[in-house]
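Computed from a predicted structure; not experimentally measured.
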Amino acid sequence: MSLTVPAPAIEKQPEARTYQVRTFGCQMNVHDSERLAGLLEAAGMVEAQAGQADVVVFNTCAVRENADNKLYGNLGQLAPVKERHPGMQIAVGGCLAQKDRETILKKAPWVDVVFGTHNVGSLPALLERARHNNEAQLEILESLDVFPSTLPTKRDAVYSGWVSISVGCNNTCTFCIVPSLRGKERDRRPGEILAEVQALVDDGAIEVTLLGQNVNSYGVEFGDRGAFAKLLRACGSIEGLERVRFTSPHPAAFTDDVIDAMAETPNAMPQLHMPLQSGSDKVLKDMRRSYRSKKFLGILDKVRERIPHAAISTDIIVGFPGETEEDFQATLAVVEQARFASAFTFQYSKRPGTPAADLPDQLPKSVVQERYERLIALQDRIAAEENAKQLGSRVEVMVTAQQGRKAGETHRLSGRARDQRLVHFSVPDGTQAPRPGDLVTVTVTEAAPFHLIADPASASDYQLRRSRAGDAWDRSQADSCGVPATPGSKPAQVSLGMPALPVRPA
């Protein structure tokens with residue numbers, strides 16, 4: 001007689017909760033979102049690839065008025081979604097959460113967690129507490145709890161990464177609410193920063209961007225005003241690090257030693273973001289910007305003298321309270337003289353809690369709009385003229401995973417030149433396609449205000465250099481497909497999720 005032994009029951013493991021992080025705002029917010037994703041994954045969650053996420057986190061900005069509208073609009077859309085998905089949680093963090101606090105829960109009582117800029121690391125615990133107690137959790141700290149760089153991170157790209165060198169700001173610009181939300185400047189020690197840069201490079205990155213609210217004031221907390229230039233030079237000695245960028249400096253504190261470090265450090269890129277805000281000395285004074293247009297233009301002259309091919313970008317605010325037509329004309333004059341490669345232009349918006357919100361002579365929307373359109377037209381013309389100077393030049397492009405909007409029609413891939421210009425390029429027939437993180441050298445064949453185009457006439461006009469960063473991309477894609485990858489190995493017959501090879505029409 002045979003005895004049938006029933007197979008042991010296989011206990012079904014609970015599926016991991018999924019998350020989605022939605023980011024509004026500046027590079028600091030983007031980097032903070034990488035920390036948030038790292039924290040959630042360290043807590044056992046996985047990023048949602050399709051369908052509705054179990055946890056949605058909004059990382060907010062408070063600099064612009066439309067940031068409020070965008071957040072509450074998104075929260076309103078999620079209210080009925082949450083009703084249909086039991087157990088779903090919504091969290092709001094970042095600058096707007098630091099500012100509005102209880103207002104968020106009043107306007108959107110279906111939110112589960114509100115946390116501020118100083119306690120990013122508390123998010124997983126707050127989510128669990130909200131789930132356990134079945135009530136919303138609000139936790140806002142007035143000073144930094146843990147320096148964000150000590151937290152787990154899930155980077156957006158394996159080939160490049162942000163590295164915070166400081167948080168907070170000691171400036172008192174009248175239009176800016178950031179200092180009150182992120183606090184006074186706190187500087188990391190140089191050894192900690194360089195260790196993080198080295199870790200990124202060891203992981204495959206070939207580009208880093210040093211990040212701070214005011215990077216060139218780095219070192220003031222520990223008494224070394226030359227610390228930022230020294231940090232740039234130290235990055236130049238890290239083997240395998242090919243591109244170093246930084247954002248954003250402040251013109252008032254920008255010194256010649258930083259220009260020298262940029263010019264003399266081989267991997268410091270010929271690119272500088274230098275916020276102007278206004279070309280009117282009167283408006284700059286009202287903004288408490290502690291420099292004037294002559295000094296600003298003098299900095300650009302020094303940069304271009306040492307780094308002739310540097311591409312310089314900027315920030316400009318139009319319609320600051322009390323700005324006259326004469327003031328605006330001064331801004332146009334500085335923009336014409338500065339020859340910016342690109343500019344982030346903003347219409348002034350009144351932010352409660354800032355000194356500028358209480359200034360007299362707030363300008364009508366129609367006046368601000370008309371001036372804004374004139375500035376845009378001028379800067380677009382200048383950008384087109386500056387990009388046209390690149391025609392026929394050879395540029396080294398680091399390929400990115402992001403493709404242009406028309407990539408399906410144009411059959412081009414995209415990347416960034418050393419000076420940070422966006423380049424769309426095609427791959428000649430019969431040549432190898434690059435991976436994100438690889439570097440190609442091509443000749444610029446067309447120019448537009450916001451990008452360059454390079455369509456190689458032949459295979460000899462296209463040079464591909466496969467990089468460590470491209471290898472890291474391969475490994476990351478193989479891992480995400482469930483195929484183990486080891487350094488130097490090439491997974492066989494596995495789709496790596498790379499940009500599709502463009503096929504040019506016959």
Practice task
Look at the rings of Y159 and W473 and say which category their plane angle falls in: under 30° parallel, 30 to 60° tilted, over 60° perpendicular.
Solution key: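 Tilted, since the angle between the ring planes falls between 30° and 60°.
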Exercise for the section: Could you check whether the rings of F296 and F340 sit parallel, tilted or perpendicular, using 30° and 60° as the cut-offs? Expected result: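 Plane angle over 60°, so perpendicular.
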Practice task
Go through the steps for V334 and K294 under the test side chain to side chain contact (heavy atoms under 4.5 Å, CB included), then give the verdict.
Solution key: CA-CA 9 Å; V334 172; K294 182 178 180 180; over 6 Å; no
Go through the side-chain N and O atoms of [X] and [Y] and say whether any donor and acceptor fall under 3.5 Å apart.
| X | Y | answer |
| --- | --- | --- |
| D461 | T443 | yes |
| T445 | D455 | no |
| Q379 | T345 | no |
| R339 | Q337 | no |

Practice task
Please step through side chain to side chain contact (heavy atoms under 4.5 Å, CB included) for the pair L127 and L40, ending with a clear verdict.
Solution key: CA-CA 10 Å; L127 287 168; L40 296 175; 3.8 Å; yes
[Y]/[X] salt bridge by N-O under 4.0 Å criterion:
| X | Y | answer |
| --- | --- | --- |
| D471 | R468 | no |
| E221 | R189 | no |
| E386 | K389 | yes |
| R233 | D260 | no |
| R225 | D257 | no |
| R465 | D438 | no |
| R416 | E207 | no |

Give the minimum heavy-atom separation between [X] and [Y], together with the two atoms involved.
| X | Y | result |
| --- | --- | --- |
| T247 | V215 | O-CG1, 3.3 Å |
| G279 | T331 | N-OG1, 2.9 Å |
| G219 | A227 | CA-CB, 3.8 Å |
| R289 | C173 | NH1-SG, 3.3 Å |
| V427 | P434 | CG2-CD, 3.9 Å |
| D419 | Q390 | OD2-OE1, 4.4 Å |

Practice task
For E385, look at atom CD and say whether over 12 heavy atoms of other residues, nucleotides or ligands are found less than 6.0 Å away.
Solution key: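 Counting neighbours around CD of E385, more than 12 heavy atoms of other residues, nucleotides or ligands fall under 6.0 Å, so yes.
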Please examine the side chains of [Y] and [X], heavy atoms only from C-beta on, and report whether any two atoms are closer than 4.5 Å.
| X | Y | answer |
| --- | --- | --- |
| H250 | N171 | yes |
| D187 | V220 | yes |
| V30 | W162 | yes |
| I316 | V335 | yes |
| V57 | Y19 | no |
| V163 | R188 | yes |
| F450 | D380 | yes |
| P249 | M274 | yes |

Handout entry: Centroid-centroid distance, H273 to F246, less than 6.0 Å
Key =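 Judged by ring-centre distance (under 6.0 Å), H273 and F246 do not meet the cut-off.
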Problem - Chi angles and distances behind the side chain to side chain contact (heavy atoms under 4.5 Å, CB included) call for L452, H424 - result: CA-CA 6 Å; L452 303 174; H424 302 304; over 6 Å; no
Practice task
Please say which of H309, Q420, R421, R245 ends up in a side chain to side chain donor-acceptor pair (under 3.5 Å) with Q271.
Solution key: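 Among the candidates, only R245 passes.
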